[in-house]
Protein chains: 2
Amino acid sequence: MTVEPIKLTVDTVALAAQEGQLEIVLIRRKHDPFKTMWALPGGFLHEHDESVEQAAARVLLEETNVGDVYLEQLFTFGDKHRDPRARVVTVSYLALLRQDDLKLIASSDASGVAWWPVLDLPKLAFDHKRIIEYAHQRIKYKIEYSAAAFSLLPEKFTLRDLQSVYEAVLGRPVDNRNFRKKFLKLGVLQELDETTQQGSFRPAKLYRFDQKEFEQLPDRPVFSF
Amino acid sequence: MTVEPIKLTVDTVALAAQEGQLEIVLIRRKHDPFKTMWALPGGFLHEHDESVEQAAARVLLEETNVGDVYLEQLFTFGDKHRDPRARVVTVSYLALLRQDDLKLIASSDASGVAWWPVLDLPKLAFDHKRIIEYAHQRIKYKIEYSAAAFSLLPEKFTLRDLQSVYEAVLGRPVDNRNFRKKFLKLGVLQELDETTQQGSFRPAKLYRFDQKEFEQLPDRPVFSF
DNA sequence: CGAGACAAACGTTACAAATACGCTTATTAA
DNA sequence: TTAATAAGCGTATTTGTAACGTTTGTCTCG
């Protein structure tokens, strides 16, 4: 009896924080199985001259036109029947997109690529729902002890922007005053000489994330609110 | 041009805390490449009727005779040239062994299976050193917000035993009095009516881990010292 | 041009947790 | 009986968290 080789794929959960909620890039499948259903951007790892992570980056670029993003391996899903056709093991990744990156994505049903709120997903192909839940949990934890939030923001941002990212990811409101106090004390925010000008209210100071200062912090700094 | 399919393996970092230090099970390779070098217990995933995790459990049992242990996926290593022969991607696992399990392992060079201190490893095959470092980091973090320590202990243990596990994993001494105070306050230790009798000093009370109570704790309880 | 609305920004207090360290108790060996 | 040692108990100080009140700057509208 000849045994089919096990196939390897990569699938990426690409997240962004938009208007206070967490959103994910999904693509509409053009082929069976699960034709016309929504799924994670992903594909087979057939190239032999790239690492698994490079494959994830390549596939994400090919399918959604998003490149140069924060990318981190999540988990490898290898249940027996997760693909109805054959034995397929997938290595999943988490990508964090800045608001700048959003424009790159032609977000329309017609193009087959669209943003969906993580808390209100459509029916998904394969075990992709489970992969998204895993990613959601990961980013929730991660934002409390890493600089992940800054991968979801443009270079310059206000304290409100930063807080909105935390609220989007954690899925709950955060106390304004304690948030600001704690973050400023950490010393990882570089205050700029600029402010937001638009808007009909008081302009807010702009900040930049200070990578150097961040690296001075202890092993697992605590950004919990 | 015909392309070789990518092969999948599993490799397991099996740890135990012995006499205040963290140790790992390694096997001596019988075949090339890296013949006679030490390596992680692991092997190809060729069976089609098992999940990746089941494969890891099976291979660990086959190679070291250790079964029924805590097993958790770590990371999938997929660099291009991590195996000199072919394109091999490996899914790594962390196993935590109780002191009871240690006996199961015929620990001798002759049998090709041996315990090694994590802080003083031999030269290792493939990228296994990197995998062990990853596992070491993971258990260090994990022991501070999970019940991982209890997977390294027998059912009944003293507070000293528990502290020794923390010291072995963290690689540093921990304050005796604060450790005891904090753990007792958490309420996850069930005090038994037994004490240790042997030894030339004051007998210590025995405790049991209370899974039920542990589940009552918040999302990420803090066991840091 | 003054009042109202609103977000930005600053501050205080009470409580809980982490840290550092001193001391007492029960056991065995000599 | 006492010296040695680990087991076990207690207190003071510092640090961090959580909850909330207040002031400041800008725009809009009458």
Side-chain angles (χ1 to χ4, degrees), chain A residues 19-20 141 143-145 153 156-168 170-208 216-225, chain B residues 17 19-20 140-141 143-145 149 153 156-168 170 172-208 216-225:
Chain A
E19 289 149 37
Y141 286 144
I143 204 169
E144 306 212 62
Y145 60 80
L153 284 169
K156 300 173 184 181
F157 51 84
T158 66
L159 277 169
R160 178 95 289 274
D161 295 335
L162 182 58
Q163 187 180 332
S164 294
V165 165
Y166 274 85
E167 293 178 330
L170 297 175
R172 60 175 169 80
V174 154
D175 186 288
N176 193 314
R177 299 151 288 187
N178 292 334
F179 181 86
R180 143 187 303 274
K181 209 186 323 170
K182 189 159 173 186
F183 245 113
L184 290 176
K185 203 171 115 187
L186 281 166
V188 298
L189 297 183
Q190 215 173 82
E191 188 176 331
L192 301 176
D193 281 335
E194 299 172 72
T195 55
T196 54
Q197 44 241 45
Q198 43 53 273
S200 62
F201 301 116
R202 179 176 176 180
K205 281 182 205 147
L206 284 169
Y207 294 84
R208 187 205 317 265
Q216 312 284 321
L217 295 179
D219 260 17
R220 292 221 158 187
V222 181
F223 304 113
S224 58
F225 305 95
Chain B
E19 289 148 38
K140 269 196 205 168
Y141 286 143
I143 204 168
E144 306 211 62
Y145 61 80
L153 284 168
K156 299 173 183 181
F157 51 85
T158 67
L159 276 169
R160 201 358 69 199
D161 295 336
L162 182 58
Q163 187 179 332
S164 293
V165 165
Y166 274 85
E167 291 178 331
L170 298 174
R172 60 174 169 81
V174 153
D175 185 288
N176 193 315
R177 299 150 289 186
N178 292 335
F179 181 85
R180 145 186 302 273
K181 207 187 323 170
K182 190 159 171 184
F183 245 115
L184 290 177
K185 201 171 117 188
L186 281 166
V188 297
L189 298 184
Q190 215 174 80
E191 189 177 330
L192 302 176
D193 281 335
E194 299 171 73
T195 56
T196 53
Q197 42 241 44
Q198 42 54 274
S200 63
F201 301 115
R202 177 176 177 179
K205 280 182 204 147
L206 285 168
Y207 293 84
R208 186 205 317 266
Q216 311 284 317
L217 296 179
D219 260 17
R220 292 222 157 187
V222 180
F223 305 113
S224 58
F225 306 96

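Below, chain A is the first sequence line, B the second, and so on; all start at residue 1.
In terms of modelled atom types and a separation under 3.5 Å, the side chain of B:Lys205 and the main chain of B:Leu159 share no donor-acceptor contact.
For C:dT12, its base sits under 3.5 Å from the side chain of A:Lys181 at one donor and acceptor pair at least.
Set against C:dA20, C:dA9, D:dT17, the side chain of B:Asn178 has C:dA20 as its closest nucleotide. Ranking C:dA18, D:dG8, C:dG11 by closeness to the B:Lys182 side chain, first place goes to C:dA18.
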Check: protein-nucleotides 21-25 of chain D nitrogen or oxygen pairs below 3.5 Å:
residue, atom, partner, partner atom, Å
D:dG21, N7, A:Arg177, NH1, 2.5
D:dG21, O6, A:Arg177, NH1, 3.4
D:dT24, O2, A:Arg202, NH1, 2.4
D:dG25, O4', A:Arg202, NE, 3.3

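A:Glu144 contributes atom CD, which lies 8.0 Å from atom CZ of A:Phe225 (distance to the nearest 0.5 angstrom).
Regarding contacts with the backbone of C:dA8, a side-chain N or O of A:Arg160 is found under 4.0 angstrom from either OP1 or OP2.
The interatomic distance linking B:Leu189 (CG) with D:dG8 (C1') rounds to 14 Å, in whole Å. Distance B:Phe179 CZ to C:dA17 C1': 17 Å, rounded to the nearest Å. Atom-to-atom, CG of A:Asp175 to C1' of C:dA9 comes out at 13 Å; the value is rounded to the nearest Å. Rounded to an integer number of Å, the gap from CG of B:Leu159 to P of C:dT25 is 19 Å. What separates CG of B:Asn176 from P of D:dC9 is a distance of 11 Å, to the nearest Å. One atom, CZ of B:Phe223, and another, C1' of C:dA18, lie 16 Å apart when rounded to the nearest Å. Straight-line distance from the CZ atom of B:Arg180 to the C1' atom of C:dT19: 17 Å, rounded to whole Å. Distance OH (B:Tyr145) to P (C:dA17): 21 Å, rounded to an integer number of Å.
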Evaluate the side-chain contact (heavy atoms from CB on, under 4.5 Å) criterion for residues A:Phe157 and A:Leu189: first the C-alpha distance (whole Å), next the side-chain angles of each, then the deciding distance (0.1 Å), finally the verdict.
-> CA-CA 10 Å; A:Phe157 51 84; A:Leu189 297 183; 4.0 Å; yes
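Residues B:Tyr207 and B:Leu153 have side chains not in contact (no heavy-atom distance under 4.5 Å, counting atoms from C-beta outward).
For B:Ser200 and B:Ala204, each mapped to the nucleotide of DNA chain D holding its nearest heavy atom, the one lying further toward the 5' end belongs to B:Ser200.
Between B:Phe223 and B:Phe183, the ring planes are parallel. Angles under 30° get that label, and only those over 60° would be called perpendicular.
One side chain, B:Asp161 or B:Thr158, offers a donor N or O that lies under 3.5 Å from an acceptor on the other.
Contact between B:Asn178 and B:Lys181 at its shortest, heavy atoms only, is OD1-NZ, 3.1 Å.
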